[in-house]
Structures are given as C-alpha cells and as structure tokens.
Visitor: 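This structure is in structure tokens; I'll ask about it shortly.
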Amino acid sequence: MKKTGFIFDLDGVVVDTAKYHFLAWRKLANELGFEFTEVQNELFKGVSRKRCLEILLGIGGIQASQDQFDQWMIEKNIDYLNYIENMDASEILPDVPKILEYLKANDYAIALGSASKNATAILEKINLISYFDAIVDGNNVTKAKPDPEVFLIAAKSIQIQPENCVVFEDSMAGIVAANTAKMVSIGMGDAKILEQANYNFNDFTEIDIEFLELLSKS
Ligand code: B16
Ligand code: MG
C-alpha cells in the first residue's frame, strides 16, 4: 500500500444525494408551515441530521420537545430513504468510478468520510462499496464536521498519517474539518463557497492522473 490515502465525502462528492436531502427537509418544513430554499440547504451540506433539524427549526422559529424533535428526525429520514429507494449507479457523479479505479489499481488506500448514517446502504445501492478500504460515517463519530473526527478516524482505519491524506469534500464544514486534521483539502463544487480548500474543482472530470500523482507522497 502506498503512503498517501484518499478520503472521499459521500453526499455531493460520490453521489448527488443533496437534492434528496433537500426534498425531505423541504417537505418537513412545509408540513410545519414554512418555506425552505435551496440556498438555505447549502448550510445543511456535510452537517449531521440532528444539527440540520436544529437549524431548520431555527429558520421556522419552532420550539420542540425532545420527543417531537426525535420524531421529526425519524420522519425526515423515512422520507429521505423513500427518495433514494430507487437510486442506482446512474446517479454516481461524473468520473468518480474512473478515479476510484485508478487509485485502487495503483495501490492507494481509499476511505469514505461521511456525516451520513445511510452511507453504507448508499454505497451498496450504487455498487461502489468494494473500492473502499474503510467506511467511516455518521454512525462512527461523536463530533460532527467541522470537527475533524470523521477524517482522523478514517486516516487511522487505513493506517495513513493525517498529513498524508487527501480529502475530497463539497461542504464548507467538511473543508474546515479536513484543514483542521492537517490533510490536503480538495473542494468539489462552487469555489466561492469552498474558498478555504487547498484546491478547487467543479467535479472529477477536471481532475487528471498527473494531479493525483502530484498529491501523492509515494
Ligand atoms: P443522514 P456527507 C451528509 O453527508 C450530508 O451532506 C448532509 O446534508 C446530511 O445531513 C448528513 O450527511 C447526514 O445524513 O441523514 O443520511 O445521516 O456529505 O458528509 O457525505
Ligand atoms: Mg458532502
């Protein structure tokens, strides 16, 4: 195994699930009697389900008991799972399989570092699970992004030093987490939103093999 590890966020990097999270949150907001926009949804990217609901209720000015809060968390996830039920490999973002294939064939360690508690189910649906040497997700962490915990556990799982890890992320919280972990952060998406990233790309079609090798320490 080479000395450089590549850590992928899931939602918005490997697969475009952000739209389904948005639909499920908007449905809940509408049921509670207020609007929720795609611009507001930007704040939800990379953020844990619990924190998303706290922000949503803040937007709607709604107070909730613990029981009610837990119930809405469950409802949102049921709706989200319904939206992604028929998701398949066609929803993988462009050139992701090509990059994973290259890294795997060249003996690089690959990990997933996602806030989602549904990560394993999604990787199975889109048939990419076999590429990952470690999967670290919302079920394995106590502190959500922007805390670096998810990426530090991922680095440990693939036995690569954090400073030798490269993180692909689409969220502000995730870029901050990667930077705090002293990893190389690659912002995937809007460079203005992800301005704190070490490098920025719109998607993997803009990333070539030379760039991956440039990042590699071995
Ligand atoms: P779940 P990532 C994150 O995944 C999403 O970006 C974020 O919008 C979502 O709230 C979070 O997962 C939790 O997801 O409700 O499935 O546990 O981008 O870190 O892969
Ligand atoms: Mg993401």
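This structure is a prediction, so every number in the text was calculated from the model and none was measured. Both ligands and their constituent atoms are indexed starting at 1 by order of listing.
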Visitor: Set out, in order, the CA-CA distance, both residues' side-chain angles and the distance that settles salt bridge (charged side-chain N to carboxylate O under 4.0 Å, His left out) for K45 and E42, then state yes or no.
Guide: CA-CA 6 Å; K45 290 187 178 172; E42 210 49 53; 3.4 Å; yes
Visitor: Under the criterion side-chain contact (heavy atoms from CB on, under 4.5 Å), I'd like the reasoning laid out for W25 against L53: C-alpha separation, chi angles, the key distance, then a yes or no.
Guide: CA-CA 8 Å; W25 286 124; L53 182 54; 3.9 Å; yes
Visitor: Just need the protein heavy atom nearest to atom 6 (O) of ligand 1, so name the residue and atom and give the distance.
Guide: G46 N, 2.8 Å
Visitor: Any chance you could lay out the side-chain contact (heavy atoms from CB on, under 4.5 Å) test for E169 and N179, step after step, and finish with the verdict?
Guide: CA-CA 11 Å; E169 251 295 344; N179 290 344; over 6 Å; no
Visitor: For K45, is at least one N or O under 3.5 Å away from an N or O on ligand 1?
Guide: no
Visitor: Identify the closest protein heavy atom to atom 3 (C) of ligand 1: which residue and atom is it, and at what distance?
Guide: D11 OD2, 3.3 Å
Visitor: What is the ring orientation for Y80 with H21, classed by angle as parallel under 30°, tilted 30 to 60°, or perpendicular over 60°?
Guide: parallel
Visitor: Would you check the N or O atoms of G113, main chain and side chain alike, for any that come under 3.5 Å of an N or O of ligand 1?
Guide: no
Visitor: Which one holds for V47 and ligand 1: side chain close, backbone close, both close, or neither close, with close meaning a heavy atom under 4.0 Å?
Guide: backbone
Visitor: Looking only at N, O or S atoms, which one in D11 sits nearest to the Mg ion (ligand 2)?
Guide: O
Visitor: Show the nearest heavy-atom pair for residues W72 and L28, with the distance to one decimal.
Guide: CD1-CD1, 3.7 Å
Visitor: Which of the atoms of ligand 1 are close to L10, meaning less than 4.0 Å from one of its heavy atoms?
Guide: 20 (O)
Visitor: Is it true that D95 and K98 have a side-chain N and a carboxylate O under 4.0 angstrom from each other?
Guide: yes
Visitor: So which heavy atom in the protein is nearest atom 8 (O) of ligand 1, and how far is it from that ligand atom?
Guide: F44 O, 2.9 Å
Visitor: Give me the nearest non-hydrogen protein atom to atom 18 (O) of ligand 1 as residue plus atom name, then the distance to 0.1 Å.
Guide: D9 OD1, 2.9 Å
Visitor: Quick one: look at S116 and ligand 1, take heavy-atom pairs under 4.0 Å, and tell me if it's side chain, backbone, both or neither.
Guide: both
Visitor: Would one find an N, O or S atom of D170, in either backbone or side chain, under 2.8 Å from the Mg ion (ligand 2)?
Guide: yes
Visitor: Can you tell me if K145 has a non-hydrogen atom under 4.0 Å from ligand 1?
Guide: yes
Visitor: At what distance is the nearest protein heavy atom to atom 17 (O) of ligand 1, and which residue and atom is it?
Guide: K117 N, 2.7 Å
Visitor: Judged by atom type as modelled, is there a donor-acceptor pair below 3.5 Å linking the side chain of K125 to the main-chain atoms of E85?
Guide: yes
Visitor: Please work out whether the ring planes of F6 and Y108 are parallel, tilted or perpendicular, with thresholds of 30° and 60°.
Guide: perpendicular
Visitor: Would Q40 and I59 count as a side-chain contact (heavy atoms from CB on, under 4.5 Å) here? Give the steps.
Guide: CA-CA 9 Å; Q40 290 166 326; I59 293 170; 3.6 Å; yes
Visitor: Around atom 15 (O) of ligand 1, find the nearest protein heavy atom and jot down its residue, atom name and distance.
Guide: R49 NE, 2.7 Å
Visitor: What N/O/S atom of D9 is the closest to the Mg ion (ligand 2)?
Guide: OD2
Visitor: Please report the shortest heavy-atom distance between I175 and Q196, naming the atom on each side.
Guide: CG2-C, 3.7 Å
Visitor: Should you measure from each heavy atom of C52, which atoms of ligand 1 turn up under 4.0 Å away?
Guide: 10 (O)
Visitor: Indicate, as side chain, backbone, both or neither, the part of H21 found under 4.0 angstrom from ligand 1 when only non-hydrogen atoms are considered.
Guide: side chain
Visitor: If you look at every heavy atom in L128 and V96, which pair is closest and at what distance?
Guide: CD1-CG1, 4.2 Å
Visitor: Side chains of S65 and D67: donor-acceptor distance under 3.5 Å anywhere?
Guide: no
Visitor: Near S114, which atoms of ligand 1 are under 4.0 Å from a heavy atom of that residue?
Guide: 2 (P), 4 (O), 19 (O), 20 (O)
Visitor: Report yes if some N/O of N118 lies less than 3.5 Å from some N/O of ligand 1; otherwise report no.
Guide: yes
